[in-house]
Amino acid sequence: MARIFEKISKGLGSTREKFQEQVNVLLDKGPNLDDEFWDGLEEALISADVGAPATMEIIDSLQDEAKRKALPDAQAVLDLLAERISEQFAEDKKRILQGDKAVILFVGINGTGKTTTVGKIAKEATDLGIKVILGSADTFRAAAIEQLEVWAQRANVEMVTRERGSDPASVCYATIERAEEIDADLVLIDTAGRLHTSKDLMAELEKVCNVTRKRSNIPVYVILVIDATTGQNGLTQAKEFNEFLDLDGLIVTKLDGTAKGGIALAISKELDLPILKIGVGEKIEDLRNFNAEDFAKAFIGENDEEQVVPEPEPEPEIIEEPEVEEVPEPEPEQEPEPEPEPEIVEEVIEEPEPEPEPIVEEVVDEIEEEPEVEEIPESEPEPEIEEEPEIEEETEEEPVPEPEPEPEPEIEEEVEEEAVEEAPKKKEGKIRGLFRKLFMD
């Protein structure tokens, strides 16, 4: 039970927090049971969508008891609030969904969770050993049949379907026939969503319910699935559906997503309809059987001592190992910063200025290029002795142009310099030998 209450309390968390905020403001003003306190409590209940009729009845009951028992302060009144709230819910005198054979039609507008609710109830009943069959009378909404088929597979139950667009009344008729053949205990039929503002659609849904009631040999119940997040609009929906279909009960879903969970009490009180189940989450186990006392306690935040908070699970003990000393990891040695490489200074070698080439080289070249000198005596008569000085003069007087100095190569070897110095001496010897030969001849 503690887990069930915890789940309901968690689902109503938003509603409870909003209500407690307003109640705490009242208590901060003082403990006196004056008009300001009663007006503030009335406002807090109406803000939670409890509804005016239920709120007035709760306030009147608390005021009478406060006078009769001479309650000392506001806290004593609030201690009785959960009990007064639980008394406002209608009782389930027909024992719907409590194990008896029945055919149940689920109705409501689109988006309230009808198909999901049918699937969850089928799974829960099957787990309890109840033989269930499903009927998909929502032949208009896209993927409605496929969605219910998934739930039928999860619950491992049989399902009756027709093509899309078929008459939903015929689906209900065929489902009841099949249920009688297999001797099913519980027949769950999902119907198409209908807007309560459309008279024609509501009349068509009324026809489906009437055909089902006439065909079935076991009790037929019409259950309205309502979304708690719709607030007071949900009360308007319930009134319209009840007028056309003569409802037998309510299932309130999505209570975990609203701060106005009091709408469940407002509908149950004003229409005198029992709440069979409430949805406080998306999981299968989050569709809970309704208990008025647990709902009231979760609504205002009151818990019994045994149910306040589930015992926390003990944390696993951490076994410390003192013997094993952690050896700190040696700090990594810092690598010495690399020394900057010395800058390579390129030595600029001053090249010596080019020296002018000696004139002797050109004279030597000219002499080497004169092979014809030896042929002169053969073609000409013997030279006269008087011409000797003329040859010397021509050789000596021949002007040699001084060439412009050319840049010498960067590196000159000493051997070449010595060869240049010795060249004039060799050439002079050759010239002298030549003259001697001429004179001798």
Side-chain angles (χ1 to χ4, degrees), residues 1-63 65-66 71-89 227-232 234-235 252-269 275 278-281 286 288 290-312:
M1 293 296 293
R3 288 189 61 190
I4 294 175
F5 178 81
E6 181 187 355
K7 200 72 178 179
I8 296 173
S9 178
K10 183 178 179 181
L12 289 170
S14 299
T15 302
R16 179 175 59 256
E17 289 175 7
K18 183 67 175 178
F19 180 77
Q20 285 181 340
E21 286 179 5
Q22 295 177 289
V23 171
N24 290 336
V25 172
L26 290 177
L27 295 176
D28 291 341
K29 293 179 179 179
N32 299 329
L33 297 176
D34 52 12
D35 291 342
E36 185 177 5
F37 169 78
W38 294 113
D39 291 343
L41 182 59
E42 178 181 339
E43 182 181 352
L45 290 171
I46 291 178
S47 297
D49 271 351
V50 170
T55 298
M56 296 306 298
E57 190 167 335
I58 291 170
I59 296 297
D60 291 343
S61 176
L62 289 174
Q63 286 178 336
E65 191 160 0
L71 298 178
D73 53 21
Q75 187 60 53
V77 173
L78 294 175
D79 291 340
L80 300 174
L81 182 58
E83 183 179 352
R84 295 296 174 266
I85 290 176
S86 64
E87 292 174 353
Q88 302 303 311
F89 288 100
D227 183 352
T229 61
T230 57
Q232 286 296 315
L235 177 60
V252 184
T253 62
K254 306 180 184 179
L255 276 169
D256 56 322
T258 180
K260 298 180 178 295
I263 190 62
L265 174 57
I267 298 173
S268 179
K269 176 67 177 177
I275 298 177
I278 56 174
V280 291
D286 291 337
R288 296 290 184 178
F290 179 76
N291 182 286
E293 294 179 0
D294 288 345
F295 182 91
K297 291 176 182 179
F299 179 85
I300 66 173
E302 179 183 342
N303 292 321
D304 292 337
E305 293 182 359
E306 297 179 356
Q307 300 174 344
V308 175
V309 178
E311 295 182 0

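Just so you know, these numbers use all the heavy atoms, side chains as well, and skip hydrogens, waters and symmetry mates.
Contact annotation: the side chain of Leu41 approaches that of Leu78 to within less than 4.5 Å [non-hydrogen atoms, C-beta and beyond]. Val23 is not listed as a side-chain neighbour of Ile300, based on a closest heavy-atom distance of 4.5 Å or more. Contact of the Thr15 side chain with the Leu255 side chain is not registered, since no non-hydrogen atoms from C-beta on lie closer than 4.5 Å.
When all heavy atoms are compared, the tightest approach of Ala66 to Val77 is CB-CG2, 4.4 Å. When all heavy atoms are compared, the tightest approach of Ala48 to Phe299 is CB-CZ, 3.6 Å. Heavy-atom minimum distance, Val50 versus Ala266: O-CB, 3.1 Å. Taking all atoms of both residues into account, the shortest heavy-atom contact from Asp294 to Asn291 is N-OD1, 3.0 Å. Residues Ala82 and Ala296 approach most closely at O-CB, 3.2 Å, considering heavy atoms.
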- [ ] Start with the C-alpha gap between Ile267 and Val252, add the side-chain angles, then the distance that decides, and say whether side chain to side chain contact (heavy atoms under 4.5 Å, CB included) holds.
- [x] CA-CA 10 Å; Ile267 298 173; Val252 184; 5.9 Å; no
Task: Working for side chain to side chain donor-acceptor pair (under 3.5 Å), residues Asn24 and Gln20 - done: CA-CA 6 Å; Asn24 290 336; Gln20 285 181 340; 5.7 Å; no
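Between the side chain of Ser61 and the backbone N or O of Glu57 there is no donor-acceptor pair closer than 3.5 Å. Judged by distance alone, the side chain of Ser268 and the main-chain N or O of Leu265 form no donor-acceptor pair under 3.5 Å.
In this structure, Phe89 and Phe295 have perpendicular ring planes: the angle between them is above 60°, well past the 30° mark.
In this structure, the separation between NZ on Lys254 and OG1 on Thr229 is 6.0 Å, given to the nearest 0.5 Å. With values rounded to the nearest 0.5 angstrom, Lys269 atom NZ is found 9.5 Å from Glu87 atom CD. The CD1 atom of Ile58 sits 5.0 Å away from atom CD1 of Ile85, with the distance rounded to the nearest 0.5 Å. In this structure, the separation between CD on Gln22 and CD1 on Ile46 is 10.5 Å, given to the nearest 0.5 Å. For the atom pair NZ of Lys297 and CD of Glu83, the computed distance is 10.0 Å after rounding to the nearest 0.5 Å. For the atom pair CG (Asp49) and CG (Leu235), the distance works out to 9.0 Å, reported to the nearest 0.5 Å.
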Using residues 27-39 as the side-chain source, report each donor-acceptor pair under 3.5 Å to any protein atom, sequence neighbours left out, with the distance given to one decimal.
from  : atom 1 : to    : atom 2 : distance (Å)
Lys29 : NZ     : Glu36 : OE2    : 3.2
Asp34 : OD1    : Phe37 : N      : 3.0

